[in-house]
Amino acid sequence: MAEQAEAIIDIEGLKKTYTLDSHRRVEAVKGIKFSVKTGEIFGLLGPNGAGKTTTIGMLTTRVKVTAGDAFIAGINIRDEVAVKRLIAVVPQQNNLDRSLTARENLIFHAKYFGVPKRVREKKAEELLEMMGLKGRQDDYVRAFSGGMAQRLMIARALMHEPKVLFLDEATTGLDPQSRRLLWDKVRELNKGGQTILLTTHYMDEADELCHRIAIIDHGEVLALDTPHNLKRMVPGGNRIDLELPEVPDRLVDILRGIDRTGEISRRDEEDRIILSVHGGQGLIPGIIKAVQETNTDILGVQLHHVTLEDLFIHLTGRRLRD
Amino acid sequence: MKTFLALLQRDVTVLIRDLPEFVMRIAMQPFLFVFVFGYVLPSIGQVKSSYANLLLPGILAASMMMAGVQGTAIPLSQDFGAIKEIEDRLMAPIRVSMVVLEKIVMGTLQAWIAGGLVFPLAWAIMRSNLSLHVTSFGYLFLYLFLVGLASAATGITLGTIISPFKIPLMFATIIIPMIFLGATYYPWHALSNVVWLQTIILINPMVYAAEGFRSVLTPGIPHIRMLFTILGLFGAVIILSGIGLRGFIKRAYS
Ligand SMILES: Nc1ncnc2c1ncn2[C@@H]1O[C@H](COP(=O)(O)OP(=O)(O)OP(=O)(O)O)[C@@H](O)[C@H]1O
Ligand SMILES: [Mg+2]
């Protein structure tokens, strides 16, 4: 994705305060600001209640904005009808039309958008095929499993060729296999040029799928960057844990001498010592060689990759999911 | 406009798909009314045969009201239920108020069909007891038009304020009283001995519907003046559509 790609979504200080009753309010989104570039898979990663759905709701005209502005392809989101023409949403909850069959869900959706008959029929055919629902196209969606419903909702969203596709927790509640399948579909779509804004509370999902991620918590963006850069924000970075029976002083000095090693720390356990060397997996051969040089046995070696979870803990002191 | 028609087409498709159910729902009510009040009761001598005349306009109004309310309130409260099936239609490139208008059109159509069924049923079942004098077809159609709209508007209002679980309750506490206290089975003027009741039921659109039909179908029976029933129905359409629209919009956004 080109760095200089233009922004298709521009969010300028969006705010949403829900009024529960006269004296209870929830500040669900507290003035966020970012932009999404054309052709990008952009992720909103945050725990339950972070304000992800509310943000998507505002961008897709379903939630009334309390303050701030946002533009999709230059159109103010308050211009509802114009914005609705440009976007499509796959919501967190199944909202398929249960009075209709799978194929009819697609066809009627396209009709709402005035897609000509020939085009919508061809498109429905293609999308059902792509989402692996061809065999079930004439079944009522009442009987669809979570994964099938999710894929059908994506197909439906694509019927009118939106400029931006919003996916709200598209894989929550799916089994690992269906999740993988959905990830593949998302990547496939993006390869075809589809801009996608997705939300998730799975850090692996954000990491694997997204070009850039905004980490959000309590309605605020805590960090925004590529997954790679975000993980670099975690002090220490990747880490190699060595399990050793003893640690000669000399060893630590040799390890320090290896190019690109970071901080070294030790933790003594009952029958072993764990020596943690911060740095990438490229260090492993050198480290092992160093240990052997000091004639020390190796009980175990473990590589710890920094995850976005580590970053979230670093930023908030809490885990993404408890 | 294309979007509006597509929304309408969606509802018509769903309706026709359950055609037997739709026909039963729409026709049962008028059939029973006509059969029991226009045939059974006069036949066993419980009521004078002229009661049929008094009743027909009421049956027409009640059947239309039932169909219009059922045709809007039930689907709407389901659409807005836990699964929010209506979301895809709210995301259609059209103003949300147009989605409401589409629902009103659907309800009105169903009320008209129900109303349209009353005439042949009445003719088939209680023809011998009936003597209708249509004073003006123009006014008859005006009333059919207004009563259809008023029933759909009532349905929209109820559908947006009532949760799906409370639909049976809605019928027991709102629709049934509306029909029983709507000058349906008795002309409004007959209530002159119970003035308080006669007065408060004036808030019920059913009164204007039934009395309006009396004025064009059975002008011999005392009825509220046309001007007032037309104004009453107009008022009901405007007020209830307004409330329904506001309720709908409130539900459509968070
Ligand atoms: N319609 C609403 N009325 C009142 N409060 C709401 C409403 N919707 C969301 N909230 C509150 O706003 C906050 C943010 O909710 P939101 O649904 O946007 O979070 P989320 O990041 O999507 O969470 P999840 O991962 O659970 O989907 C929460 O505290 C929630 O309780
Ligand atoms: Mg959410």
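Each chain gets a letter, A, B and so on, in the order the sequences are listed, and its residues count up from 1.
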query: Would A:Tyr112 and B:Asp88 count as a side-chain contact (heavy atoms from CB on, under 4.5 Å) if you check the C-alpha gap in whole Å, the side-chain angles of each, and the deciding distance to 0.1 Å?
result: CA-CA 9 Å; A:Tyr112 302 155; B:Asp88 190 47; 3.8 Å; yes

Contacting region of [X] [heavy-atom separation from chain B under 4.5 Å]:
| X | answer |
| --- | --- |
| A:Val89 | side chain |
| A:Asp97 | both |
| A:Thr60 | both |

- prompt: How far does NZ of A:Lys84 sit from OG1 of B:Thr3, to the nearest 0.5 angstrom?
  reply: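 Output value for this atom pair is 9.0 Å.
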
statement: Output for pair (A:Arg85 CZ, B:Ile94 CD1), nearest 0.5 Å, gives 9.5 Å

Heavy atoms from other residues, nucleotides or ligands near [atom1] of [X] exceed 12 (cutoff 6.0 Å):
| X | atom1 | result |
| --- | --- | --- |
| B:Phe180 | CZ | no |
| B:Arg246 | CZ | no |
| A:Lys15 | NZ | no |
| B:Arg95 | CZ | no |
| A:Glu126 | CD | yes |
| A:Tyr140 | OH | yes |

- prompt: Can you find a heavy atom in the side chain of B:Arg17 that is under 4.5 Å from one in the side chain of A:Leu100?
  reply: yes

task: For each of B:Arg10, B:Gln9, B:Lys2, tally heavy-atom pairs with chain A at distances under 4.5 Å, and name the one with the top tally.
output: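 Heavy-atom pair counts peak at B:Arg10.
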
field: A:Arg62 and B:Glu87: CA distance, side-chain angles, deciding distance, salt bridge (Lys or Arg N to Asp or Glu O under 4.0 Å) verdict
entry: CA-CA 9 Å; A:Arg62 304 274 25 93; B:Glu87 261 177 359; 5.6 Å; no

query: So which heavy atom on A:Phe113 is nearest to which on B:Met91, and how close?
result: CZ-O, 3.5 Å

- prompt: With respect to chain B, which residue among A:Arg156, A:Met58, A:His109 yields the maximal number of heavy-atom pairs within a distance under 4.5 Å?
  reply: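 Heavy-atom pairs under 4.5 Å are most numerous for A:Arg156.
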
- prompt: Where does B:Leu7 contact chain A at under 4.5 Å (heavy atoms): side chain, backbone, both or neither?
  reply: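 Its backbone and side chain both get close to chain A.
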
